[in-house]
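Below: the structure, in structure tokens.
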Amino acid sequence: MAKKIVIISTSLRANSNSDALAKAFAEGAEKAGNTVEYISLRGKQIGFCMGCLACQAKGACVLKDDANPIAESVLNADVVVWATPIYYYEMSGQMKVLIDRMNSMFPKNYKFRDIYFLSTAAEDEATTPAKAEAGLQGWIDCYPKCQLKGSLFCGGVTDIGDIKGNAKLKAAFDMGFKA
């Protein structure tokens, strides 16, 4: 059965390495017959959460920017994929800001069950994405019907295009195909 997959690429750099992983995942998911909505945060306006909690009563954030339509897409997805560069051993700031702004989803009925995490970094140690993944797990824990289904890290990539020809692109494709 085909799934609706929402992929959120959080890098603001055009043609970034994490974006390449996300696109490989998307290709695999589409090849398997799924519907993919690819959302890049590049060019999006997403303000900081003010902690007012008005979203809990209103069902949407009172800030009128790109976060609300992204949250609606996530609510209606079967699968959510987060792709981020790792900065200082953490997720990108824009990813964290969007996660905070998705607070409006908390009281709503959500469809997503499977979450995937894709990350890249200049550092190549296996532990490099651990803190970023733990941060994402905090969001996942707020939605008990879903789980982190898969995580893929590609280290040793700094400059645009460093990921070209890397075996992790095939792994991302395969992960998307099986999602």
Side-chain angles (χ1 to χ4, degrees), residues 1-44 46 66-87 90-105 108 110-121 128-155 157 163 166-179:
M1 180 155 123
K3 296 176 185 174
K4 179 179 181 199
I5 299 175
V6 171
I7 299 173
I8 304 170
S9 178
T10 69
S11 178
L12 300 184
R13 182 166 73 167
N15 303 310
S16 72
N17 294 305
S18 61
D19 198 45
L21 270 186
K23 288 178 179 175
F25 188 104
E27 289 172 18
E30 288 173 339
K31 180 86 170 174
N34 297 301
T35 302
V36 174
E37 180 181 359
Y38 193 89
I39 301 169
S40 171
L41 297 190
R42 193 166 165 255
K44 298 280 193 284
I46 301 173
D66 293 314
N68 284 330
I70 293 171
E72 281 301 311
S73 289
V74 169
L75 272 173
N76 296 304
D78 298 300
V79 176
V80 180
V81 181
W82 292 91
T84 187
I86 301 291
Y87 300 138
E90 250 301 355
M91 68 181 73
S92 67
Q94 48 276 15
M95 180 173 164
K96 177 60 172 130
V97 169
L98 181 60
I99 284 174
D100 289 349
R101 288 290 304 287
M102 288 184 163
N103 195 35
S104 64
M105 295 182 351
K108 293 182 176 182
Y110 56 95
K111 190 174 177 186
F112 57 90
R113 298 296 182 261
D114 296 336
I115 309 296
Y116 290 86
F117 181 62
L118 310 172
S119 60
T120 60
T128 299
K131 291 177 184 173
E133 190 173 309
L136 178 60
Q137 188 63 53
W139 179 75
I140 293 168
D141 289 347
C142 293
Y143 299 94
K145 294 185 278 184
C146 75
Q147 65 177 332
L148 181 61
K149 188 78 171 186
S151 183
L152 180 66
F153 170 65
C154 182
V157 293
I163 200 168
N166 192 297
K168 297 292 175 111
L169 290 171
K170 172 76 166 93
F173 177 93
D174 292 344
M175 187 180 275
F177 190 82
K178 294 175 187 171

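Both backbone and side-chain heavy atoms feed into the values below; hydrogens, waters and symmetry mates do not.
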Paired with Trp82, the ring pair (Phe, Tyr, Trp, His ring centres under 6.0 Å) test is passed by just one of Trp139, Tyr116, Phe112, namely Trp139
Where do [X] and [Y] come nearest, in terms of heavy atoms and distance?
X      : Y     : value
Leu41  : Gln94 : CD1-O, 3.9 Å
Gly176 : Asn34 : O-ND2, 4.4 Å
Ala121 : Ile86 : CB-CB, 3.7 Å
Ser40  : Ser11 : OG-O, 4.5 Å
Ala22  : Ala83 : CB-CB, 3.7 Å

Nearest-0.5 Å distance, [atom1] of residue [X] to [atom2] of residue [Y]:
X      : Y      : atom1 : atom2 : result
Leu98  : Lys44  : CG    : NZ    : 10.5 Å
Leu169 : Cys154 : CG    : SG    : 7.0 Å
Ile140 : Glu133 : CD1   : CD    : 8.0 Å
Asp100 : Met102 : CG    : CE    : 11.0 Å
Ile7   : Glu37  : CD1   : CD    : 10.0 Å
Gln147 : Asp114 : CD    : CG    : 5.5 Å

Report the C-alpha distance between Lys4 and Val6 in whole Å, list the side-chain angles of each, state the deciding distance to 0.1 Å, and finish with yes or no for side chain to side chain contact (heavy atoms under 4.5 Å, CB included). CA-CA 7 Å; Lys4 179 179 181 199; Val6 171; 4.2 Å; yes
Backbone N or O of [Y] within a donor-acceptor pair of the [X] side chain at under 3.5 Å?
X      : Y      : result
Ser119 : Pro85  : no
Thr84  : Ser92  : yes
Glu27  : Phe173 : no
Asp66  : Ile46  : no
Tyr110 : Lys145 : yes
Lys168 : Phe153 : yes

Is it true that, when you exclude Lys108 itself, more than 12 heavy atoms of the residues, nucleotides or ligands shown sit nearer than 6.0 Å to its NZ? yes
Surrounding CG of Asp174 (heavy atoms of other residues, nucleotides or ligands, distance under 6.0 Å), is the total greater than 12? yes
Consider only side-chain N and O atoms of Asp141 and Gln137, and report whether a donor and an acceptor are under 3.5 Å apart. yes
Assess, by modelled atom type and distance only, whether the side chains of Ser9 and Asp19 contain a donor and an acceptor separated by less than 3.5 Å. yes
Between Leu118 and Met175, does a side chain to side chain contact (heavy atoms under 4.5 Å, CB included) hold up when you go through it step by step? CA-CA 10 Å; Leu118 310 172; Met175 187 180 275; 4.1 Å; yes
Under the side-chain contact (heavy atoms from CB on, under 4.5 Å) test against Ile5, which residue among Val79, Thr35, Asp78 passes? Val79
Are Met95 and Leu136 close enough, and set up right, to give a side chain to side chain contact (heavy atoms under 4.5 Å, CB included), and what steps lead you there? CA-CA 9 Å; Met95 180 173 164; Leu136 178 60; 4.1 Å; yes
